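Here's the structure we're looking at; comments come further down.
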Amino acid sequence: MNIVLIGYRCSGKTHVGRLLTGDLDMAFLDTDILIEEKAGIPIPYYVSRYGWRDFRRVERAVIEEIASKDNSVIATGGGVVMDPENVMNLRRNGWVVWLAAGAKAIRERMTRAQQEGDFRPPLSGSDPLEEIDSILRERTPAYESASDYHVWTDGQTPEAVKQNILRALPHIHTGGTGRTD
């Protein structure tokens, strides 16, 4: 079984995923890194050259490839849930955890990332910081329906989010769904 982390940009998927692998002795797979390896260039350059539609094609191929792996923590890109085929593939062998965050927290985290040189390409043609509210509204139902469990990350450290996920893991093995509705 895999643990699949979904959520909007800057929700902590990569950071929490790496923390989880240390405690669980599982492999770590970051779909953004795998996409960059497959494409041969960083995602912002790929998107500016080929567009989001082609990026999603490459993403789908990467998801299909890694979904059959086992004993991995998989950090996904923020838009992975917008493709039902991706969700189906990830759920086949994965427990899907939504790292939920509010627009304000995402904006603060993304601003810090930009200050450190990590720029995300816009999803809708506008500034990535200005589009957060509308894209988050659009994607929230998809995150909710794709997830088996969700953790609110606002005001929590990555370590606290990891601990929340670890506490929920026994529910999987004992037949519970682990949902926090």
Side-chain angles (χ1 to χ4, degrees), residues 1-36 59 62-63 66-82 86-118 120 128-129 132-133 135-137 139-181:
M1 178 197 71
N2 298 316
I3 298 172
V4 179
L5 303 177
I6 63 171
Y8 198 80
R9 298 169 160 185
C10 298
S11 62
K13 301 176 300 282
T14 298
H15 195 148
V16 171
R18 286 191 174 123
L19 291 174
L20 283 168
T21 61
D23 283 13
L24 298 173
D25 194 29
M26 298 172 85
F28 178 67
L29 302 171
D30 185 314
T31 61
D32 284 348
I33 291 170
L34 296 171
I35 289 166
E36 287 182 342
E59 179 180 59
V62 165
I63 296 296
I66 65 170
S68 62
K69 295 190 183 291
D70 197 24
N71 203 38
S72 298
V73 175
I74 301 170
T76 64
V80 74
V81 296
M82 300 310 288
N86 286 340
V87 174
M88 180 189 70
N89 283 328
L90 290 167
R91 289 182 63 83
R92 192 171 355 128
N93 189 36
W95 182 57
V96 180
V97 178
W98 171 26
L99 300 187
K104 180 180 179 202
I106 292 168
R107 195 170 288 104
E108 290 169 358
R109 293 170 188 170
M110 194 178 297
T111 298
R112 268 195 315 272
Q114 287 179 346
Q115 291 167 347
E116 295 169 5
D118 182 9
R120 315 288 172 109
L129 291 168
I132 292 170
D133 293 295
I135 301 292
L136 192 57
R137 251 189 325 275
R139 289 184 180 175
T140 294
Y143 292 136
E144 184 152 352
S145 68
S147 65
D148 297 304
Y149 184 73
H150 102 247
V151 179
W152 192 254
T153 66
D154 289 14
Q156 290 199 63
T157 65
E159 179 66 28
V161 173
K162 177 196 81 168
Q163 290 301 326
N164 188 316
I165 294 168
L166 289 174
R167 280 191 302 274
L169 273 173
H171 295 291
I172 298 171
H173 302 295
T174 60
T177 65
R179 290 192 75 94
T180 59
D181 295 317

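The basis for the numbers below is simple: all heavy atoms, side chains too, and nothing from hydrogens, waters or symmetry mates. What you see is a predicted model; the values in this text were computed from it and never measured.
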Self-check item: Carboxylate-amine/guanidinium proximity below 4.0 Å for D30 and K13
Solution: no
Practice problem: Give the C-alpha distance, both sets of side-chain angles, the deciding distance and a yes or no for side chain to side chain contact (heavy atoms under 4.5 Å, CB included) between Q156 and V151. | Solution: CA-CA 10 Å; Q156 290 199 63; V151 179; 4.0 Å; yes
Practice problem: Compare every heavy atom of D154 with every heavy atom of A101, then report the nearest pair and how far apart it is. | Solution: CA-OD1, 3.2 Å
Self-check item: Evaluation steps, side chain to side chain contact (heavy atoms under 4.5 Å, CB included), between T14 and F28
Solution: CA-CA 9 Å; T14 298; F28 178 67; 4.0 Å; yes
Quiz item: Can you name the nearest heavy-atom pair linking V81 to A146, along with the distance?
Solution: CG1-CB, 4.0 Å
Exercise. Return the minimal non-hydrogen interatomic distance between W95 and A168, and the atom names on each side.
Key: CH2-CB, 3.8 Å
Practice problem: Kindly write out the residues that satisfy side-chain hydrogen bond (donor to acceptor under 3.5 Å, both in side chains) with R92, not counting sequence neighbours, or none if the list is empty. | Solution: N89
Self-check item: Backbone of V73 reached by a side-chain donor or acceptor of N2 within 3.5 Å
Solution: no
Exercise. Using atom types as modelled and distance alone, determine if a side-chain donor or acceptor of N93 lies under 3.5 Å from a backbone N or O of K69.
Key: yes
Exercise. Drop me the distance from I74's CD1 to I3's CD1, to the nearest 0.5 angstrom.
Key: 10.0 Å
Quiz item: Quick one: does V87's side chain get under 4.5 Å of V96's, heavy atoms only?
Solution: no
Show me the donor-acceptor pairs, under 3.5 Å and distance only, between side chains in residues 19-27 and residues at least two apart or in other chains.
{"unit_1": "T21", "atom_1": "OG1", "unit_2": "R18", "atom_2": "O", "d": "2.8"}
{"unit_1": "D23", "atom_1": "OD2", "unit_2": "K162", "atom_2": "NZ", "d": "2.7"}

Practice problem: Search all heavy atoms of R137 against all heavy atoms of P141 and return the closest pair with its distance. | Solution: O-CD, 3.4 Å
Exercise. Assess whether side chain to side chain contact (heavy atoms under 4.5 Å, CB included) is satisfied between W152 and N164, documenting all intermediate values.
Key: CA-CA 10 Å; W152 192 254; N164 188 316; over 6 Å; no
Quiz prompt | Closest non-hydrogen atom pair, D133 against A103 | solution = OD1-CB, 3.1 Å
Quiz item: Do N86 and T76 have side-chain heavy atoms sitting under 4.5 Å apart?
Solution: no
Self-check item: Gap between atom NE2 of H15 and atom CG of L5 - 0.5 Å precision
Solution: 12.5 Å
Self-check item: Pairwise distance CG(L34) to CD1(I66) - rounded to 0.5 angstrom
Solution: 6.0 Å
Exercise. Indicate the atoms forming the closest heavy-atom contact of S147 with E144, along with that distance.
Key: OG-O, 3.1 Å
Practice problem: Go through the steps to decide whether T31 and V80 satisfy the test side chain to side chain contact (heavy atoms under 4.5 Å, CB included), and finish with yes or no. | Solution: CA-CA 9 Å; T31 61; V80 74; 5.9 Å; no
Quiz item: About how many Å separate CZ of R139 and CH2 of W98, when rounded to the nearest 0.5 Å?
Solution: 12.5 Å
Quiz item: When rounded to the nearest 0.5 angstrom, what is the spacing between OH in Y149 and CG in L99?
Solution: 10.5 Å
Self-check item: Pairwise distance CE(M110) to OH(Y8) - rounded to 0.5 angstrom
Solution: 5.0 Å
